[in-house]
**Q** 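One structure, pasted below without further comment.
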Amino acid sequence: MLGGTTEASALARALAAHPGYDVLLSLAGRTEKPSPQPVPTRIGGFGGADGLAAFLRQGQFDLLVDATHPFAARMSQNATEAVAKTGIPAFCLRRAPWIAQQGDNWRHVASIQDAVAALGRSHRRVFLAIGRQEAYRAETAQQHFYLIRSVDPVDPQIVLTNARYILDRGPFDVESETALLQEHRIDAVITKNSGGAATYAKIAAARALGIEVIMVSRAAAPAMPAVETVEAALATINHLLPPG
Ligand SMILES: NC(=O)c1ccc[n+]([C@@H]2O[C@H](COP(=O)([O-])OP(=O)(O)OC[C@H]3O[C@@H](n4cnc5c(N)ncnc54)[C@H](OP(=O)(O)O)[C@@H]3O)[C@@H](O)[C@H]2O)c1
């Protein structure tokens, strides 16, 4: 299983309880202290689609589950190619995107770069809630204040004249997200449309405070069968691969 998400860990937990399955969970190694996992793990890239295909053959795996984050596009593309090369059954576990509700003030953009550009020329106070990997994109718009939240420190450091960095790991609740937006007088939130409950509170808080959300859309879904919930993933595994 390709992981790095809450859903991957939950699915791993459910499978660990089944003596009929041997599960290996693969993590990219992006977080300095990954949460403890209920199954054996391996960490680090495979060396592209060919590397993953070779890894799958060598390990004689019967099934590949792509349970990576909806924005881990490269990994999902590699998984699709590796599956085509090896013929190993596979499916993708991808949580549903968030959908705007009444009261939401969202602007949809295709990338973080576009999100930063969409802030406009005049000074804004921005909550950049996109993780650390692409926070450097804010460097192109120095006229704004940025509140940058990530699990680990942004590294390499980025050069922003007006920024505040906070380290925190979800899940977050609406009360504390509302207080955070108010404390920093935020008037725009930049987020990826990750979906799921763990980081939704900032969206609800922005709605309550009437703050604009610049929502980065997902790239096209990977070309393999997909389910949206851990329960559906378990049912698919049971169907494709009854416990040995
Ligand atoms: N992007 C996000 O917003 C986000 C948020 C939360 C968690 N995550 C998790 O963090 C991981 C990395 O995300 P990303 O955006 O950097 O992905 P990415 O850009 O799609 O992946 C870049 C490269 O990292 C390696 N990689 C990615 N996921 C891996 C995994 N689960 N196991 C082994 N190698 C992996 C692969 O290297 P090789 O080509 O060498 O195999 C891949 O080509 C993912 O597992 C994802 O679930 C991402």
Side-chain angles (χ1 to χ4, degrees), residues 1-12 23-35 37 39-59 61 63-86 90-95 97-98 109-113 115 128-138 148-152 154-156 167-172 189-200 202-203 214-224 226 228 230 233:
M1 185 181 339
L2 304 170
T5 56
T6 315
E7 290 76 10
S9 303
L11 181 57
V23 182
L24 178 65
L25 179 65
S26 176
L27 303 172
R30 298 278 183 271
T31 44
E32 284 164 17
K33 275 197 213 131
S35 316
Q37 300 293 336
V39 294
T41 56
R42 63 162 303 283
I43 294 186
F46 299 94
D50 286 338
L52 176 57
F55 184 90
L56 292 172
R57 282 197 197 98
Q58 249 166 30
F61 290 94
L63 179 70
L64 176 69
V65 182
D66 173 6
T68 55
H69 191 270
F71 281 80
R74 168 83 58 80
M75 187 69 255
S76 290
Q77 179 57 32
N78 289 351
T80 307
E81 287 174 31
V83 162
K85 284 173 202 282
T86 55
F91 73 94
C92 164
L93 166 58
R94 179 127 319 169
R95 58 197 180 220
W98 296 316
V109 293
S111 65
I112 307 286
Q113 209 172 351
L128 195 61
I130 56 163
R132 64 176 177 163
Q133 285 193 76
E134 282 197 84
Y136 72 91
R137 301 268 187 203
I148 298 177
R149 181 169 67 194
S150 52
V151 174
D152 295 309
V154 178
D155 181 31
L167 299 180
D168 211 348
R169 188 195 286 257
F172 302 102
V189 174
I190 295 183
T191 179
K192 301 177 196 172
N193 195 336
S194 300
T199 60
Y200 184 72
K202 61 178 179 272
I203 309 289
I214 301 179
M215 182 65 74
V216 182
S217 306
R218 299 176 177 190
M224 60 168 84
E228 290 187 348
V230 172

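Note that ligands are numbered from 1 as they come in the structure, with each ligand's atoms numbered from 1 the same way. What you see is a predicted model, and the numbers here were worked out from it, not measured in a lab.
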**Q** Partners of Asp66 by side chain to side chain donor-acceptor pair (under 3.5 Å), sequence neighbours excluded?
**A** Thr68, Ser76
**Q** When Arg149 is tested against each of Asp168, Leu167, Leu128 for side-chain contact (heavy atoms from CB on, under 4.5 Å), which residue passes?
**A** Asp168
**Q** Can you name the residues that come within less than 4.0 Å of ligand 1, going by heavy atoms only?
**A** Gly3, Gly4, Thr5, Ser26, Leu27, Ala28, Arg30, Arg42, Gly44, Gly45, Phe46, Gly47, Gly48, Thr68, His69, Phe71, Ala72, Ala73, Arg74, Met75, Asn78, Gln133, Lys192
**Q** Does Gln113 have any side-chain contact (heavy atoms from CB on, under 4.5 Å) partners at least two apart in sequence or in another chain, and if so, which?
**A**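 In terms of side-chain contact (heavy atoms from CB on, under 4.5 Å), with neighbours along the sequence ignored, Gln113 is linked to Ser111, Arg137.
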**Q** Is the shortest side-chain heavy-atom distance between Ile130 and Phe71 below 4.5 Å?
**A** no
**Q** With sequence neighbours excluded, tell me which residues meet ring-ring contact (aromatic ring centres under 6.0 Å, His included) with Phe61.
**A**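 So Phe61 forms a ring-ring contact (aromatic ring centres under 6.0 Å, His included) with Phe55.
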**Q** Looking at Arg218 and Asn193, would you say the former's side chain and the latter's main chain have a donor-acceptor pair under 3.5 Å?
**A**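 Such a contact is found between Arg218 side chain and Asn193 backbone.
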